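Worksheet for the structure shown next.
Since the structure is predicted, the reported quantities are computational estimates derived from the model, not experimental observations.
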Amino acid sequence: MEVNFNLANQMSVPSPIPISTLTNCTMELNLDLANASPVVTVNYSKIELWLVGCGGTGSWLASSLVRLGRVLSQQGKQVKLYFVDPDYVESANVLRQCFCDAEIELNKAKTLALRYSLAWKMEVTAIAQPFQPEWILPSYNTLIVVTACVDNAKARESITQVLQHNTHHPAPHVWYLDCGNSKRSGQVLLGSHLSSNPNDYHFEALGCFRLPAPTVQQPDLLVSQPEELADNNLSCEQMALLNSQSLSINQRVAAEAFDYLLQLTTGKLRRFATYFDLESGSGKSLYTTQVSIMQVILLGHSCA
């Protein structure tokens, strides 16, 4: 095979990145992570994993949630799985959400529960109703994680109420993982308490027992968007433009959320917020340090 060396010599070759630059970047990241404390949950023998919202992100996260349930079950935990969504599959949902044409007009929660309970041999309870906070009933040795994949302030306000159970417990029984996204960016936020007082989030020797709720970290999650209002006066075309999203964004959010759940249930989680942008390929996490928690609460105050 002939090689045109003259052409090869004319091609521009990017300059290598200095080793010092790579080292400095790595050291900065590792120092942030090294200073973080693990998130400590209640010592549990039973676990409830709730998936609220089985549409854009929820439909992609559902299989991973059941897989996690099976792993925990094999480790001796008593696992209960719940999928909650009142909506039905529409033709517009196919492709972007994890549904096919044959599932159109079926309830989303029931469809996913049937599919993955058969695939992973795990019992999944499907609830074809809007989420009600009174369904969450903490009990001894039970960890409850409510993962919200909803797209409106009203639903988030309802889910946030479940954290009221944690007020009088040193280690929270209930955790709230919020998943959200726009067209090409998204975030995953974890929290356990509703207090906006930084002094309520002290660390102990074992690690971090409390984290501010997603709605404390980002208060605008409870602000209704124009398309959520009954009298929005938006045309169908305007609604479609507002709700148009990348085909890959929901899968990325689901992947991030699954890793949060995996790390939380195994006692290895050392972050509480992750933001990412598909356009630039960038991402950033906030680690479980006293400084990071204080900063996010103060920032939330200033934005409220």
Side-chain angles (χ1 to χ4, degrees), residues 48-71 79-132 135 145-156 158-159 176-188 221 225 227-228 234 236-262 276 278:
E48 294 182 11
L49 297 173
W50 289 74
L51 177 62
V52 182
C54 298
T57 295
S59 63
W60 295 107
L61 180 57
S63 62
S64 297
L65 203 70
V66 181
R67 274 198 304 143
L68 175 59
R70 178 163 171 172
V71 169
V79 181
K80 291 184 178 181
L81 301 166
Y82 299 90
F83 290 177
V84 182
D85 199 314
D87 293 339
Y88 288 75
V89 180
E90 301 176 4
S91 57
N93 301 143
V94 177
L95 296 183
R96 190 174 69 82
Q97 300 182 16
C98 193
F99 298 106
C100 66
D101 291 321
E103 295 166 329
I104 293 174
E105 296 185 358
L106 299 179
N107 174 262
K108 293 181 179 181
K110 291 182 178 180
T111 299
L112 295 172
L114 177 61
R115 185 196 300 170
Y116 295 122
S117 62
L118 291 173
W120 297 109
K121 299 179 180 179
M122 292 289 295
E123 181 178 347
V124 183
T125 300
I127 305 176
Q129 302 175 37
F131 178 79
Q132 303 297 324
W135 294 341
V145 185
V146 180
T147 302
C149 301
V150 297
D151 59 1
N152 63 87
K154 183 178 179 181
R156 284 189 168 101
S158 177
I159 295 166
Y176 166 21
L177 182 67
D178 187 270
C179 304
N181 65 275
S182 57
K183 294 181 181 180
R184 295 278 289 163
S185 61
Q187 76 279 337
V188 175
L221 292 175
Q225 300 301 307
E227 63 269 26
E228 299 175 37
L234 294 172
C236 292
E237 184 179 2
Q238 289 171 319
M239 289 281 287
L241 287 172
L242 282 171
N243 294 315
S244 62
Q245 296 178 7
S246 164
L247 281 176
S248 58
I249 184 64
N250 294 122
Q251 290 164 286
R252 172 66 185 272
V253 179
E256 295 285 353
F258 176 47
D259 194 62
Y260 264 76
L261 294 170
L262 182 61
F276 53 87
L278 295 182

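The closest donor-acceptor contact from the side chain of E103 to the backbone of C100 lies under 3.5 Å.
Taken from CG in L278 to CD1 in I249, the straight-line distance is 4.0 Å, to the nearest 0.5 Å. For the atom pair OG1 of T111 and CD1 of I104, the computed distance is 11.0 Å after rounding to the nearest 0.5 Å. Summarising the geometry, atom CZ belonging to R67 is positioned 13.0 Å from atom CE belonging to M122; distances are rounded to the nearest 0.5 Å. We find the CG-CG distance between L261 and L61 to be 6.5 Å, quoted to the nearest 0.5 Å. For the atom pair CG (L65) and CG (L51), the distance works out to 6.0 Å, reported to the nearest 0.5 Å. Here the CD atom belonging to Q245 is positioned 8.0 Å from the CG atom belonging to D151, to the nearest 0.5 angstrom.
The stretch residues 48-64 participates, sequence neighbours left out, in these side chain to side chain donor-acceptor pair (under 3.5 Å) pairs: E48-W50, T57-N250.
Residues F99 and L112 form a side-chain contact, since some pair of their non-hydrogen atoms from C-beta on lies under 4.5 Å apart. Contact check for R156 versus D178: side-chain heavy atoms found under the 4.5 Å cut-off. Residues V124 and Y82 are not in side-chain contact: their nearest non-hydrogen atoms beyond the backbone lie 4.5 Å or more apart. At least one side-chain heavy atom of W135 sits less than 4.5 Å from a side-chain heavy atom of V84. By the 4.5 Å heavy-atom criterion applied to side chains, S248 and R184 are counted as neighbours.
Applying the salt bridge (charged side-chain N to carboxylate O under 4.0 Å, His left out) criterion to D85, with sequence neighbours excluded, gives no partner residue. Remark: R70 engages no residue in a salt bridge (charged side-chain N to carboxylate O under 4.0 Å, His left out) (not counting sequence neighbours).
Among I127, V66, V52, T125, the one residue that satisfies the side-chain contact (heavy atoms from CB on, under 4.5 Å) test with F83 is V66.
The environment of CH2 in W120 is sparse: at most 12 heavy-atom neighbours from other residues, nucleotides or ligands sit within 6.0 Å.
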request  = Assess whether side chain to side chain contact (heavy atoms under 4.5 Å, CB included) is satisfied between E123 and K80, documenting all intermediate values.
outcome  = CA-CA 8 Å; E123 181 178 347; K80 291 184 178 181; over 6 Å; no
